[in-house]
Asker: 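Below are the structure tokens for one structure; questions will follow.
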Number of protein chains: 2
Amino acid sequence: MSKERVTLSHVAQRAGVSAMTVSRALRSPDKVSPALLRRIEKIVAELGYVPNPAARALASGRTNVIGALIPSVTNNVFSDVLRGIYAATEDGPFEVQLGNTRYSPLTEEKLLAVFLSQKPAGLIVTGIDQSPASRRMLEGASCPIVQIMEIGSGPIDMMIGFSHYDGAAAATRHLIETGSRFPAFVGARMDPRTQRRFAGFRDVCSAAGCFSMSRCVTTPTPSTVTLGTRLFADLVARHPEVDGVFCNNDDLALGILFEAQRRCIAIPEKLTVCGFNDLEMMAAAEPSITSVRTPRFAIGRRAVEMIVARLADPGPDTGRGAAERVDTGFELVARQSTARRPR
Amino acid sequence: MSKERVTLSHVAQRAGVSAMTVSRALRSPDKVSPALLRRIEKIVAELGYVPNPAARALASGRTNVIGALIPSVTNNVFSDVLRGIYAATEDGPFEVQLGNTRYSPLTEEKLLAVFLSQKPAGLIVTGIDQSPASRRMLEGASCPIVQIMEIGSGPIDMMIGFSHYDGAAAATRHLIETGSRFPAFVGARMDPRTQRRFAGFRDVCSAAGCFSMSRCVTTPTPSTVTLGTRLFADLVARHPEVDGVFCNNDDLALGILFEAQRRCIAIPEKLTVCGFNDLEMMAAAEPSITSVRTPRFAIGRRAVEMIVARLADPGPDTGRGAAERVDTGFELVARQSTARRPR
DNA sequence: GCGATCGCTGTTAACGCTATCACATGGGAG
DNA sequence: CTCCCATGTGATAGCGTTAACAGCGATCGC
């Protein structure tokens, strides 16, 4: 058993053809006669030939790498998106290169430069708030690009997501409709999407005449269940009148549930609670927690599919096809934590 | 602004030196005169030169890719490990290539073949239960390899993790010591590590004379909070006498907490509960939940560090250095859910 | 003062693959 | 019976980088 790598020419030699033909047999099988194709495939299997992606990339100027820029790997939201991305790529020829921007535009710029220099097959970026420099790089790129998780105007190329503002607005309306007169906002890691959720909350409350900035507690630190308990403790200490909380995500909502139980504040009788994203555990909680369901897995999968489709058919325009912009919507899932009749 | 890629020779031309010198300036700065080095660095920055990794890989026969084979991206456990891996790589020259084995040995074999063909700088694989084929491939590989999450005998190369058997045994002992006479086991996704946890539970219970197979409910499906509620419902329906539960992970434990609340089964008075992994929310829950803390982030980070260290100093042996085998241990964190005096 | 040595830089030749064009064959249209 | 084109295959030339060695002053030891 030789330690040496099996290359195209080894296969070619064994098959009595040129390396180019073997390359074609693997890359575009329809351009090789069927009999020869079978013979080559057999030899490839025998020798255990695996193409060298570096050589391929160098020679062709393209790679089969789809780059994905995600702000966090820990956050449940993005692990679902990631799962969708992996699900969509695992049958195809593409592989995923993950970049963790850690919510930093600067990190994103750096990663973008690195990714783009590798001539990726496509790029997935999170959100619509790229820095000017990032945006310039992306606009100059020659591969399909999908902005995910959010929709807005002026897509760089393609876009799939939903309106965080509308999602939060719907949740807030629900809180008010189920009788909250002193609604509060609890938010962590105030990234742009979170801020738009806050805006949705604020505008709906203002319109209903029940907005109070001092009932909004936020922090730049990442959201956790424990953080939810703390922020809620702060909130009730300052505002015992609070009778409804919109959390900018489910971790916080769960923390509030626990802290309320600890303080014997009945949910939903004394306090209604609504989260965001609808993580699996929201339905299982006691009481179950109302949340805004977002199609995270689908967004990840669809983003890859959009890139693959574009690659297969670049569209009528030279270069980029017509920009696709998909609004996935969201769904307010009302549960026990807001099951209260309005007075 | 030219669309053309900036290559080494562009930089070289501008600097009035050969491409090789620029390559050296970037790769081993100490072999280039300081003045020239500065000049080259300036031009690199000006031109925005980014090395082509494909060309580098092809020419040098090595890559700076560390491959990581993980059974799940969704599972909180592995997202923490992943975070550790990313944390350790983000300052260095290495990048991570993630492979999702989805708990399938066959998928793992395929991914391994692909990864190894790319001559990675190092490889991280999960667990110690590689298939014979996988093991052969890994043993034949010429890069550092770390098996993570578990320790056992006969490491392929390096290894970092803890004993799942011992962790479960400690938890079970704790359940019995805090007064459980009819302890139960609830487990999902019975992968090898989970099974060893079960073995720990079983052996400790048997030794204490309180093991009953029919009080062990398991399922091959992935663990979720909702699944925890269901399995617990099944369990109490068949065994109302159960007064303590060891869950093979925290999702299930949380589900059990919720289901117990729904059924007004007081925790810890009527039922004690212990999870595994000590996810963040265990401490925040009401009542807080006892769990076995495992150093997931540290394992991920350390695994990368072990690879980097090996790469820097291959050790005395030809090829591979002395195998490193790190037992990180675990920590039983007792909380309210098991706060009961033994009778 | 002279060869030996060191430090820095250049030249050449790959690495494994694919783009491109050239070439050979065979069949169908005129 | 030509001519043309489609089809399948081969030869050649890179892609951008690094390994390996060659060269060439300058410094050093004796």
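We name chains A, B, ... by the order of the sequence lines, and we start the count at 1 in each one.
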Asker: Measure from the side-chain N and O atoms of B/Gln97 to the backbone N and O of A/Val96, and report whether any donor-acceptor pair falls under 3.5 Å.
Answerer: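 Yes, because the side chain of B/Gln97 sits within donor-acceptor range (under 3.5 Å) of the backbone of A/Val96.
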Asker: Could you walk me through whether B/Glu324 and B/Arg310 satisfy the salt bridge (Lys or Arg N to Asp or Glu O under 4.0 Å) test, starting with their C-alpha distance in whole Å, then the side-chain angles of each, then the deciding distance to 0.1 Å, before giving a yes or no?
Answerer: CA-CA 10 Å; B/Glu324 244 190 293; B/Arg310 169 70 62 79; 5.8 Å; no
Asker: Give a yes or no answer on whether the side chain of B/Ser104 reaches the backbone of B/Thr107 with a donor-acceptor pair at less than 3.5 Å.
Answerer: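 Pair found, side chain donor or acceptor close to backbone of B/Thr107.
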Asker: What's the closest nucleotide to the side chain of B/Leu58 if the choices are C/dT18, C/dG10, C/dG16?
Answerer: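 It is C/dG16.
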Asker: Could you state the CZ-P distance from B/Arg39 to C/dC8, rounded to the nearest angstrom?
Answerer: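 Between P of C/dC8 and CZ of B/Arg39: 15 Å.
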Asker: Looking at residues 21-29 of chain A, who's got a heavy atom less than 4.0 Å off DNA chain D?
Answerer: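 By residue number: A/Thr21, A/Arg24.
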Asker: Looking at D/dT17, D/dT9, C/dC17, which one has an atom nearest to any side-chain atom of A/Tyr49?
Answerer: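 For the A/Tyr49 side chain, the nearest candidate turns out to be C/dC17.
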Asker: Which nucleotide in the set D/dT17, C/dC8, C/dG16 lies at the smallest distance from any side-chain heavy atom of B/Leu8?
Answerer: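 That would be D/dT17.
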Asker: The side chain of B/Thr7 is closest to which nucleotide in this list: D/dG16, C/dG16, C/dT11?
Answerer: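 The listed nucleotide nearest to B/Thr7's side chain is D/dG16.
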Asker: Measure the distance from CD on B/Gln13 to C1' on D/dG16 and round it to the nearest whole Å.
Answerer: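 Value for this atom pair: 15 Å.
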Asker: Restricting to non-hydrogen atoms, name the atom on A/Thr7 and the atom on A/Tyr49 that form the minimum distance, rounded to 0.1 Å.
Answerer: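 That would be C-CE1, 3.6 Å.
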Asker: Nearest whole angstrom, please: distance from the C1' of C/dC17 to the CG of A/Asn64.
Answerer: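 The answer, rounded to whole Å, is 13 Å.
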Asker: Would you tell me if any nitrogen or oxygen in the side chain of B/Arg56 comes within less than 4.0 Å of OP1 or OP2 on D/dC15?
Answerer: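 Looking at the OP1 and OP2 atoms of D/dC15, neither is under 4.0 Å from any side-chain N or O of B/Arg56.
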Asker: Expressed in angstrom and rounded to an integer, what is the separation of A/Arg62 atom CZ from D/dG16 atom C1'?
Answerer: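 These atoms are roughly 17 Å apart.
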Asker: Would you kindly give the NZ-to-P distance between A/Lys31 and D/dG10, to the nearest whole Å?
Answerer: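 Distance, rounded to whole Å: 16 Å.
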Asker: Looking only at the side chain of A/Asn52 (C-beta and beyond, no hydrogens), which of the listed nucleotides C/dC8, D/dT17, C/dC17 gets closest?
Answerer: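 So the side chain of A/Asn52 is nearest to C/dC17.
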Asker: Test your reading of the model: is there a side-chain donor-acceptor pair from B/Gln147 to the backbone of B/Ile156, 3.5 Å cut-off?
Answerer: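 Between the backbone of B/Ile156 and the side chain of B/Gln147 there is a qualifying donor-acceptor contact (under 3.5 Å).
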Asker: Measure from CG on A/Asp30 to C1' on D/dT7 and round the result to the nearest Å.
Answerer: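 Answer to the nearest Å: 12 Å.
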Asker: Measure CE/B/Met20 against C1'/D/dG23 and give the value in whole Å, please.
Answerer: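 Value for this atom pair: 15 Å.
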Asker: Of all heavy-atom pairs between B/Ile148 and B/Ala303, which one has the smallest distance, and what is that distance?
Answerer: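 Answer, listing the atom of B/Ile148 first, then B/Ala303: CG2-CB, 3.7 Å.
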Asker: Please examine the side chains of B/Thr89 and B/Glu95, heavy atoms only from C-beta on, and report whether any two atoms are closer than 4.5 Å.
Answerer: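 No - every pair of side-chain heavy atoms lies 4.5 Å or more apart.
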Asker: Measuring to OP1 and OP2 of C/dG10, would you say a side-chain N or O of B/Ser18 lies under 4.0 angstrom away?
Answerer: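 Yes, within the criterion.
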Asker: Quick check: on DNA chain C, is the nucleotide nearest A/Ser60 upstream (toward 5') of the one nearest B/Gly16, or the reverse? Name the residue that is more 5'.
Answerer: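 Counting from the 5' end, the first nearest nucleotide belongs to B/Gly16.
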